[in-house]
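A short write-up of the structure that comes next.
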Amino acid sequence: MGNGVTVTTVTPKRMAMPFSVPSFKRGFPNKSSKGGFSMSQKMWAGRFTKEVDERVNDFNSSIKFDARMYKQDISGSIAHATMLGECGIIEKSESEAIVKGLREILDDIQSGKLGFDPNAEDIHMFVEAELTKRLGDTGKRLHTARSRNDQVALDVRMTLLDETAEIKAMLKKLTQTVVDIAKKHTLTVMPGYTHLQRAQPITFAHHLMAYANMFIRDLGRLEDTAKRMNKMPLGSGALAGTTYPINRQRVCELLGFDEITQNSLDGVSDRDFCIELCSTLSMLMMHLSRFSEEIILWCSWEFKFVELDDAYATGSSIMPQKKNPDVTELIRGKTGRVYGDLMTLLTMMKGIPLAYNKDMQEDKEAIFDAIDTVKLCLVTFDPMLATMRVIPENMRAAAAKGFINATDCADYLVKKGMPFRDAYKITGTLVHTCIEKGCTLETLGLDEYKKLSDSFDEDVFEAISLDTCVMQRKSAGGPAPEAVKEQINYVENALENFR
Ligand code: ARG
């Protein structure tokens, strides 16, 4: 995507508010005034003898949520009109007037001079009606060799490509934040958990890099989803192409798509790309939610591994001591919303026959909600993480309890020639002794060790020290600082390769 005809994509400047649609109000009749599109103004009015019931009008209208595609709609129309002129389907002069008119409409929307009519059926009808208002009969030629079915398919693809690129940039930034924190904590020992029970010692960097890897996969999925999205459907017509000598390849080129869609029925009725994106976003939310859940635990007094910056926590209305991790809880909560959006899309599509059906208008609210939710979460999670204070002493103190060096104690015996199962049993007995005596493996006397096996020597204490346990776990992918540095290199390289 992106060349001469494509109007500027949504700028990431307005990150605090993931999307914004210019005003609906200015210069338009009030909704209750029965103004707006009367039957005689409806583009498809010829076939009908009665006004559409106002409730049906409202029910049918999608302008409230598809107006946000105005840039894409206008870019698509500019490319279409250009091609119509080049192919001699409309006069060159008319094509030029249409392109100029569309550019002016875009400017007027962006400057706030032109607001959306809440009574318009959708953004496509709105732009065309506005063009016709400005150009008269010439405006009426824009829709030659086109249907709203291929038009909306184009607009949604273009919008989602822009949104996917934005989300990718935000996720890349977050991944870099994770890596930057990891770089500072390759020596910060913490307990690793299974079943939320202290299991084996790791480092905070090692733990963080697990999330960096999840995000790299998310980025890969976003990129892959965008590849299948990047196909140009215009020219599919309502469902069966067109008899006009159009040049779809030219429109594809003008809009900067990779290629055209290959079948007109599929071109207008495919929404796989919405579902794929929503599924990718669901997975990303699942990762953010797991990360959030850990941060919630870590900032409890029971753990106190981290402390959130005051700017990213909230207080209680009644309990003066409280500092709550609301951001992370909201992310965990909002994950359900995105899963719901995915379910909406899958269910919407499962029973509809080819080709276009109005059910498909429901795609936008669901996928836009998923997109906006993910952007809100990313925009908040990143600085919250970047400003979070890590408390290495508490991580280390937690790692020193819970016998997380028991495996290493058993491994010590194995290295002295004992079969692992026997070593496991002896170590279990040692742990039992420690619990009875209220001490740890490090503070238990050597005599107690000797009682169970002659293989134990003074050097066992070195072998089970927390630092040794971490430093010796040098296997690829493991927590030893050099292994984690490899992981950091891998992720930073991968980040560079995502466009
Ligand atoms: N607003 C419609 C949508 O979002 C545009 C396509 C309308 N097509 C039609 N045949 N009624 O799907």
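Atoms within a ligand are numbered from 1 in the order they appear, just like the ligands themselves. Atoms considered below: every heavy atom in the structure, side chains included; atoms not considered: hydrogens, waters and symmetry mates.
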Short N-O contact, Asp372 and Arg68, less than 4.0 angstrom: yes

NZ/NE/NH1/NH2 to OD/OE distance under 4.0 Å, Glu86 and Lys92: no

Ion pair check, Arg148 and Glu121, cut-off under 4.0 Å: yes

Which N or O atoms of ligand 1 sit under 3.5 Å from a protein N or O, and how far apart is each pair?
unit_1, atom_1, unit_2, atom_2, d
ligand 1, 1 (N), Ser62, OG, 3.1
ligand 1, 1 (N), Asp122, OD2, 3.0
ligand 1, 1 (N), Gln361, OE1, 2.8
ligand 1, 4 (O), Lys364, NZ, 2.6
ligand 1, 8 (N), Asn149, OD1, 2.9
ligand 1, 10 (N), Asn149, OD1, 3.0
ligand 1, 12 (O), Tyr356, OH, 2.5

Over 12 foreign heavy atoms within 6.0 Å of NZ, Lys100: no

Sequence neighbours excluded, every pair satisfying ring-ring contact (aromatic ring centres under 6.0 Å, His included) that has a member inside residues 259-296: Tyr211-Phe291, Phe291-Phe381

cation_pi(Arg157, Phe257) dist<6.0 Å, angle<=45: no

